[in-house]
Structure formats: C-alpha cells, structure tokens
Amino acid sequence: MGYRLFLQLFIKNMKNTIKKIAVLTSGGDAPGMNAAIRSVVRTCAFHNIECVGVYRGYQGMIEGDFEPMNARSVRNIVSRGGTMLKSARADEFKTKEGRKKAHEQLKKEGVDAFVVVGGDGSFTGALLFNNEFGFPVMGIPGTIDNDIYGTNYTLGYDTALNTAVDVIDKIRDTASSHHRLFFVEVMGRDVGHIALNVGIGGGAEEILIPEENVGLDRLLDSLRESKKAGKTSSIVVVAEGDKIGKTVFELAEYVEENFPFYEVRVSVLGHMQRGGAPSCFDRVLASRMGVKAVESLMEGKSNLMVGIKDDKIELTELELAIKGKSKINAELLRVSDIMAI
Ligand code: ADP
C-alpha cells in the first residue's frame with residue numbers, strides 16, 4: 001500500500017463512526033450491479049469496516065437475510081451480469097411496519113449504514129428509511145434506462161446499449177436481404193435514451209421516443225422519403241414508451257396497411273437487454289461509485305446518490321435524484337435526423 005493511501009486510511013479511520021455497512025441491490029437488475037457490490041465490499045475491507053450483503057433487496061432486509069462479506073466473497077463477479085445478491089420488489093417496505101422490521105433486523109446485525117444499488121423506487125425507500133430512523137443511507141444508480149437525474153450514466157446503461165446495437169446489426173442483415181421494414185422495440189418506458197443512442201449507432205431510419213411524438217403521418221412521410229432516396233430496407237427503433245402506437249405491433253400494422261412497399265416485421269428485444277457481461281465502462285463506473293459511496297458514509301454523509309458528471313464522481317441529494325428528470329440530448333436528436341438522410 002502506498003504511503004498516500006495509508007495516510008488517507010489513517011485519517012479517515014480516526015473520525016469514522018461507521019463500523020458496519022450493508023449492501024443490497026433492489027428493483028430491476030442491471031449489468032454492473034455485481035461490480036458495484038464488489039466495490040462496496042472491497043472498499044469496506046480496505047478501510048477495516050465490516051460488510052454484510054443483503055439478499056433480495058428490501059425483502060431480505062425485512063427478513064434479516066444477511067451474509068457477512070469479505071474481499072474474497074466477491075471474487076470472480078466483476079464480469080458477471082445480474083446480481084449475486086438477487087433483487088426483489090418488496091411491497092412490505094412501502095409500509096411503515098415493513099421498514100420498522102427492516103430497521104430492527106439491521107440493528108440486530110449491528111449495521112450502521114447501507115448502500116442500495118437500484119433506481120428511483122429504491123432511493124425513495126432509502127430516503128423514507130433515513131427520515132424515520134436517522135439511519136445513514138447512500139444510493140448507487142443501477143438501471144439500464146439511464147433515467148436518473150444527477151448522473152450522466154447509470155450502471156447497466158452502456159452494456160444495454162451495446163447489447164441492443166449488436167442485435168440491430170443482425171436484424172439489418174436480414175432486413176437488407178429482403179425489402180423489409182423492421183420495427184425494433186427497445187426498453188425505455190418513460191425515456192428514450194436507449195432508443196436514441198442505439199438508433200444512431202445501429203443506423204436506424206427513424207427513432208421513436210416518448211419525449212417526442214412524431215405522429216403517424218410524419219412517420220409515413222419519412223418512410224416514403226427513405227424509399228425515394230433509394231433505401232430498400234429500413235429499421236425503425238421504437239422505445240417501449242413511445243406515444244404514437246398503442247403497441248409496436250399496432251404501429252407496424254398501420255404502416256403495413258398504408259405503405260405496402262415493405263414487408264413489415266416486429267422485433268421486441270425485451271429482457272435480453274438487461275443480461276450479459278457488463279461492459280468495461282460499466283465495470284469501471286461501478287468500481288468508482290462503490291468507493292465513493294463507502295467513503296462518503298465514512299465522512300458522515302447520508303441521503304445522497306453517487307453519480308458521474310463530466311467524468312467526475314459527484315454526489316446528488318437523493319431527493320433531487322428522485323424528483324429530477326433526466327433530459328434527452330437535443331444534439332443527438334439533430335444528429336439522428338441528419339444521419340437518416
Ligand atoms: P427501482 O428501484 O428500479 O425504481 P422499484 O420501483 O420496483 O424499482 O423499487 C424497488 C423497491 O424499492 C420496491 O420493491 C420497494 O421495496 C422500494 N420502494 C419503491 N417505492 C417505494 C416507496 N414509495 N416507499 C418505500 N419503498 C419503496
């Protein structure tokens with residue numbers, strides 16, 4: 001260990017009152033969650049803080065489903081998708097009685113603080129928990145949708161983009177072998193970050209996102225223009241929360257009826273976007289976020305989410321992270337229009 005690190009460790013331990021930290025993954029799983037667990041566990045080990053893993057999110061917390069973790073408990077997980085601690089939806093945690101049970105379990109276990117890797121639902125639970133019991137909490141954003149305010153990237157988003165763009169490349173091969181129009185639905189109920197990025201990266205002719213209602217007429221016009229411009233196949237990337245069609249299948253049906261030039265096909269990528277080995281970007285991000293989460297708790301901080309802005313790890317109030325809206329990148333919208341000429 002270098003002298004500088006040793007000195008930092010010494011100073012931190014002098015004022016640290018946090019002796020045991022719990023880590024859990026909650027809500028929808030995302031690639032990179034394992035790397036975040038590993039980072040929290042190893043940062044605790046580095047600072048001589050005990051660490052326990054909580055299985056199945058807040059449900060496991062209510063039931064006291066804990067396991068002591070050390071640096072070796074998290075070997076070989078940095079490259080694995082999913083979460084070794086499992087994730088769960090825990091409706092009981094939405095009630096005061098449920099949170100009280102969870103608090104009793106943490107106290108019984110001697111835990112002083114927790115780090116939750118999850119989305120805004122998980123952060124809402126953490127904040128309520130802190131308000132009720134004065135218990136220090138820290139959030140790490142883990143969701144493929146990238147829909148959390150206060151960070152340029154959430155864990156799993158970069159991996160999901162790479163997975164989706166890979167599939168679109170494959171679909172293009174079959175689309176271009178026939179006169180086919182493919183509607184490819186990607187994840188994103190409320191936000192179109194995945195659709196916009198994989199649409200550009202995968203060379204889509206149109207990208208339909210919840211933030212912009214293109215309208216059926218403009219979509220048909222655009223497809224007619226594409227044909228006039230000499231395109232014999234097309235890919236339209238649709239975010240699942242797109243507002244034009246009720247479903248991507250109804251949208252496809254409408255286009256097929258009104259624009260018979262193409263055979264229309266639909267491909268819904270679904271849960272495959274959540275799986276797979278995390279990208280290097282997500283692994284590094286998770287490692288950085290875990291270190292910051294633990295060291296911030298050691299400094300007496302709480303109710304914060306660790307995020308990344310302009311390649312700097314920064315903290316945002318959990319309340320803001322929950323209430324704020326992540327915005328679609330206007331420059332990317334323009335780029336996608338130009339690329340589709
Ligand atoms: P995400 O964290 O990905 O947004 P959810 O919305 O499903 O996923 O939330 C995950 C868990 O967080 C829930 O199962 C529940 O235990 C807890 N949670 C969500 N919303 C609240 C809330 N309003 N109050 C307390 N706990 C909540």
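Positions are given from 1, in the same order as the sequence printed here. In listed order, ligands and their atoms are each counted from 1.
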> Listing by chain and number, which residues have a heavy atom under 4.0 Å from ligand 1?
Replying inline: Ser26, Gly27, Gly28, Tyr58, Arg89, Ala90, Phe93, Lys94, Arg99, Gly119, Asp120, Gly121, Ser122, Thr124, Gly125, Leu128
>> Taking the ring of Phe129 and the ring of Tyr58, is the distance between their centroids below 6.0 Å?
In response: no
>> Would you compute the distance between atom CZ of Phe183 and atom CD of Glu206 and round it to the nearest 0.5 angstrom?
In response: 9.5 Å
> How about Phe133 and His103: are their ring centres within less than 6.0 Å of each other?
Replying inline: yes
> Is the distance between the ring centroids of Tyr55 and Phe66 under 6.0 Å?
Replying inline: no
> Judged by atom type as modelled, is there a donor-acceptor pair below 3.5 Å linking the side chain of Ser26 to the main-chain atoms of Gly57?
Replying inline: no
> Under 3.5 Å, is there a donor-acceptor pair linking the side chains of Asp282 and Thr159?
Replying inline: yes
